[in-house]
Amino acid sequence: MDMVKLTINGKEITAPADSTILEAARANGIYIPTLCYDEAVEIYGACGVCVVEAQGVPKLLRSCSAKVAEGMVIDTESERVVKSRKIAMELLMSAHDGDCVAPCQLACPAGTDCQGYVGLIANGQFDDALKLIKDRIPLPASIGRVCPHPCETACRRGKVEEPINIAQLKFFAADLDLKGDSYLPECAAPTGKKVAIVGGGPAGLSAALYLRTMGHEVTVFDMMDKMGGMLRYGIPQYRLPKEILDSEIAIIEKTGVRFVNNVKFGKDITLDMLKSVNDAVILAPGAWKSSPMRVKGEDTKGVYGGIDFLRSVIQGNPVDIGEKVAVCGGGNTAMDACRTAVRLGAKEVYVIYRRTKNEMPAEEIEIKESEEEGVIYKFLTNPVEIHSEDGKVCGMTLQLMELGEPDASGRRKPVAIEGKTEYLPLDSVIMAIGQKLDSNDFDSVVDLTDRGTILADEDTFSTNVDGVFAIGDATNKGASIAIAAIGEADRCAEVVDAYLNGKTLDFTPKYISKRDDERIDLSSKPHEARINAKVLDAQVRKNNFDEVSMGLAVEEAKKEAQRCLECGCREYFKCRLLSVAQRYDINPERFAGEMPQKYTRDDNAFIERNTAKCILCGLCVRSCKEVMDISAIGLLGRGFKTSVSPAFALPLDQTKCTNCGLCVNLCPTGALTEKSSLDKQVPLKETYSIEKIDVDGKECELLVSRYNGKVLRAVPNNDNARNCGLSRDVLIAAVEKD
């Protein structure tokens, strides 16, 4: 067999004289992207991303069809090549209408695969759902109860009627796990590296588990008598039973994480002490100091910070609030405070909020349930002065407000109505307008921001001290929701692991495709009521601290999960289109225009066809014709309106389609996918085997793949096979004959 010598990317290689540049490159481990090429079908050359530059040749060559030649010098990543591929990918992606990742997952600060675990719950695969959740959330039973679920705000099902009940599905799966043999993540082999974490809240505990599973030795130090941070000391028992939190923390401890409690940073331990015996330190102390209101009289006896008040109750030493209580604030801490005050026996509990109900950041369900429990809301009022009698709170003057123009938060700014005030007799005032880091123990240790928080790099979480990182409520912008702290812990653990191994991470955001919500027509979706967990009756629950939510029953959870629209692409992890797109800094928006294909779905029992994701590579059409000899689908229409479709646009079930799944396997996008269902009758899987044939007395080993017994590919698997000089079709024929 004739062989030629050529150079690709500076590497001298030999290749059969009749082979293509692509074949020669692949045989020598050199990557060239392609979307329309596969050994199973004839060369088509449609996608344009396999181009390479050949020295002395004025135009770029399509490597899938261009033959090798003696002395050829090829560059697969030259400036011209990259520019051409970027344009090709931008054109393809500008006409690709699909979500790589579901909106719910994108909205989750921890990047939780909400669609994935909701789908698993829908199919009754509860253990798998739990493992997927725990990949991103170490405390799912706790977080599912307290998270304000930005995932649900982004849920596209809300455009049909109501969002999926993602949060309660999360703690449904987690609660089932806690009732049995709880899932314990595997830990890598010991690395010999040690990490100290200051703070045992959601950020510190999450970082500890992630680093422990990476094989590092981790110790968590916390100033309180038990781990949990604000999950334990800032969330009331009726929302998050501490028995649940204890169980989840115990699982983390079982992995080998060491807990040290009642240790105050800056007093019992110092940063120098921790650095002397550890390879890295993570500061996650949380925000334990209530923000002041800056109104006259707030230092009066009977005025309490929201976090201080809640902590006193949880620790079993509730402060004396009397019968008339005002809670200032409109967030979830204010809701926890007012509902806790009701349970402590207060006769009149007011929430003072300077905007209207529509602008309140608290969860709607919290507001609703507090109203059912008798909490009185005084909207468009703002504290002016707290009055005292005999050194104790006796009342408060409120400034009446009205809404003006929107401020930086997008909410209409409250403006005082001059001369209009109201006096409210009170026994105590709870300030729940925010919380912050008590910076006294950190200001001489690490750099702080103007806000008094720890200054940490937004990507690497590194402080100004080498080997010291910071995450959670104590950093940068200050206190946020627990799931945001957990998301930071996940990313920080990866950074710390890289630091311990002398590596650095690339923080460049990777391209993903997102659908334009304005283009999505959901009018055909049937309306199905959201299933919410039952709650204790208001007259019962307001007299105790028993958990309010009763949780979802098994059938309720499955039914609720089945409402999911499955927005994210199931082919995300193996999508060749996305893989190529993420290699280059593309901007498809510059070619944005009318989408050439209507977003339609054509299902049969096994295959889902989504024409909007199709890039017209032709692999499905050609494989159906050339390999299976069926031609169930073809190219329909001309020019810009061309689409892949069965003849006369018939459903697949009305064609000769045998559901072999070959088109699904070859599709480089999510345009053709295996239908997700537990009751599939025919698996869509390619089978592989190593087979041998004799060529001129030499044993040629081939990797053979089949669909329904029909040979699809025969790929050379040893030197004899690679150098035998036989074409793909001849090899396939030889295997079939043998």
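No experiment lies behind these values; they were computed from the predicted model shown.
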Stepwise side chain to side chain contact (heavy atoms under 4.5 Å, CB included) check, Glu458 with Phe507: CA-CA 10 Å; Glu458 296 283 355; Phe507 298 101; over 6 Å; no
Taking Thr213 for the side chain and Tyr210 for the main chain, is one N or O donor matched with an acceptor at less than 3.5 Å? yes
Check whether Asn501 reaches the backbone of Lys503 with its side chain - one donor and one acceptor, N or O, closer than 3.5 Å. no
Donor-acceptor check, side chain of Lys275 to backbone of Asp466, threshold 3.5 angstrom: yes or no? yes
Under the 3.5 angstrom rule, does the side chain of Asp457 hit a backbone N or O of Thr460 as a donor-acceptor pair? yes
Under 3.5 Å, is there a donor-acceptor pair between the side chain of Arg343 and the main chain of Arg339? yes
Side-chain contact, heavy-atom cut-off 4.5 Å: Ile249 with Phe259? yes
ring-ring contact (aromatic ring centres under 6.0 Å, His included) involving Phe469 - partner list, sequence neighbours excluded: Tyr499
Residue pairs, two or more places apart or on separate chains, that pass salt bridge (Lys or Arg N to Asp or Glu O under 4.0 Å) and touch residues 285-314: Lys296-Glu385, Asp308-Arg311
Could you walk me through whether Arg136 and Asp113 satisfy the salt bridge (charged side-chain N to carboxylate O under 4.0 Å, His left out) test, starting with their C-alpha distance in whole Å, then the side-chain angles of each, then the deciding distance to 0.1 Å, before giving a yes or no? CA-CA 8 Å; Arg136 285 289 181 270; Asp113 186 357; over 6 Å; no
If we only count heavy atoms from C-beta on, is the Asn165 to Glu152 side-chain gap below 4.5 Å? yes
Please determine whether side chain to side chain contact (heavy atoms under 4.5 Å, CB included) holds for the pair Phe221 and Leu274, giving the CA-CA distance in whole Å, both sets of side-chain angles, and the decisive distance to 0.1 Å. CA-CA 10 Å; Phe221 299 90; Leu274 295 178; 3.6 Å; yes
Quick one: does Asp222's side chain have a donor or acceptor within less than 3.5 Å of a partner on Gly200's backbone? yes
Set out, in order, the CA-CA distance, both residues' side-chain angles and the distance that settles side chain to side chain contact (heavy atoms under 4.5 Å, CB included) for Gln237 and Glu243, then state yes or no. CA-CA 9 Å; Gln237 175 79 5; Glu243 302 80 12; 3.1 Å; yes
Quick check: are there more than 12 heavy atoms from other residues, nucleotides or ligands sitting under 6.0 Å from NZ of Lys242? yes
Any donor and acceptor pair, going by atom type alone, linking the side chain of Glu547 with main-chain N or O of Pro241 inside 3.5 Å? no
Report the C-alpha distance between Leu344 and Phe545 in whole Å, list the side-chain angles of each, state the deciding distance to 0.1 Å, and finish with yes or no for side chain to side chain contact (heavy atoms under 4.5 Å, CB included). CA-CA 9 Å; Leu344 290 178; Phe545 282 88; 4.2 Å; yes
Distance-only polar pair, side chains of Thr508 and Asp506, donor-acceptor under 3.5 Å: yes
Rounded at 0.5 Å granularity, tell me how far CD in Glu389 sits from OG1 in Thr300. 12.0 Å
Could you tell me whether Arg232 and Asp225 make a salt bridge, using a distance below 4.0 angstrom between a side-chain N and a carboxylate O? no
Among Leu132, Val101, Ile166, which residue satisfies the side chain to side chain contact (heavy atoms under 4.5 Å, CB included) criterion with Cys114? Ile166
Rounded at 0.5 Å granularity, tell me how far CD1 in Ile512 sits from CG in Leu106. 4.5 Å
Distance (rounded to the nearest 0.5 Å) between Met224 CE and Lys264 NZ: 11.0 Å
Nearest 0.5 Å, please: how far is CG in Leu139 from CD1 in Ile133? 12.5 Å
Please confirm whether the backbone N or O of Ser428 pairs with a side-chain atom of Tyr304, one donor and one acceptor, at under 3.5 Å? no
Test item: Met223 and Pro285 side chains (from C-beta on) under 4.5 Å apart, heavy atoms: no
Using a 4.5 Å cut-off on heavy atoms from C-beta on, say whether the side chain of His149 contacts that of Lys170. no
Determine, for Lys193 against Asp497, whether the closest basic-nitrogen to carboxylate-oxygen distance falls under 4.0 angstrom. no
Is any side-chain heavy atom of Tyr238 closer than 4.5 Å to one of Thr340? yes
Nearest 0.5 angstrom please: Tyr572 OH to Gln115 CD, how far? 12.5 Å
Test item: Asn476 side-chain N/O and Ala456 main-chain N/O as donor-acceptor pair under 3.5 Å: yes
In terms of ring plane angle, is the pair Phe442 and Phe265 parallel, tilted or perpendicular, where the classes change at 30° and 60°? parallel
Which pair of heavy atoms, one from Lys436 and one from Pro292, lies closest together, and at what distance? NZ-CD, 4.3 Å
Would you indicate whether the side-chain heavy atoms of Glu488 and Thr475 approach each other to under 4.5 Å? yes
Please tell me if the side chains of Leu310 and Pro236 come closer than 4.5 Å, counting only heavy atoms from C-beta onward. yes
Which pair of heavy atoms, one from Ala174 and one from Leu130, lies closest together, and at what distance? CA-CD2, 3.7 Å
Could you pull out the closest heavy-atom pair between Arg354 and Pro414, with the gap in Å? O-CB, 3.4 Å
Between CG of Asp268 and CG of Asn262, what distance do you get to the nearest 0.5 Å? 9.0 Å
At their closest point, which heavy atom of Val446 faces which heavy atom of Thr463, and how far apart are they? CG1-OG1, 4.0 Å
When you check the gap from the basic side-chain N to the acidic O, do Asp320 and Lys392 get nearer than 4.0 Å? no
Between Asp473 and Leu437, is there a side-chain heavy-atom distance shorter than 4.5 Å? no
Taking all heavy atoms of Phe172 and all of Leu552, pick out the closest pair and write down the distance. CD1-O, 3.4 Å
For Val277 and Lys194, which heavy atoms make the closest approach, and how far apart are they? O-CD, 3.5 Å
Flag, side chain of Gln435 to backbone of Ile307, donor-acceptor distance under 3.5 Å: no
Would you find more than 12 non-hydrogen atoms of other residues, nucleotides or ligands less than 6.0 Å from Asp585 atom CG? no
Other residues, nucleotides, ligands: >12 heavy atoms within 6.0 Å of Asp127 CG: no
For a quick check under 3.5 Å, do Tyr117 and Thr112 share a side-chain donor-acceptor pair by atom type? no
Taking the ring centre of each residue, are Tyr584 and Tyr511 less than 6.0 Å apart? no
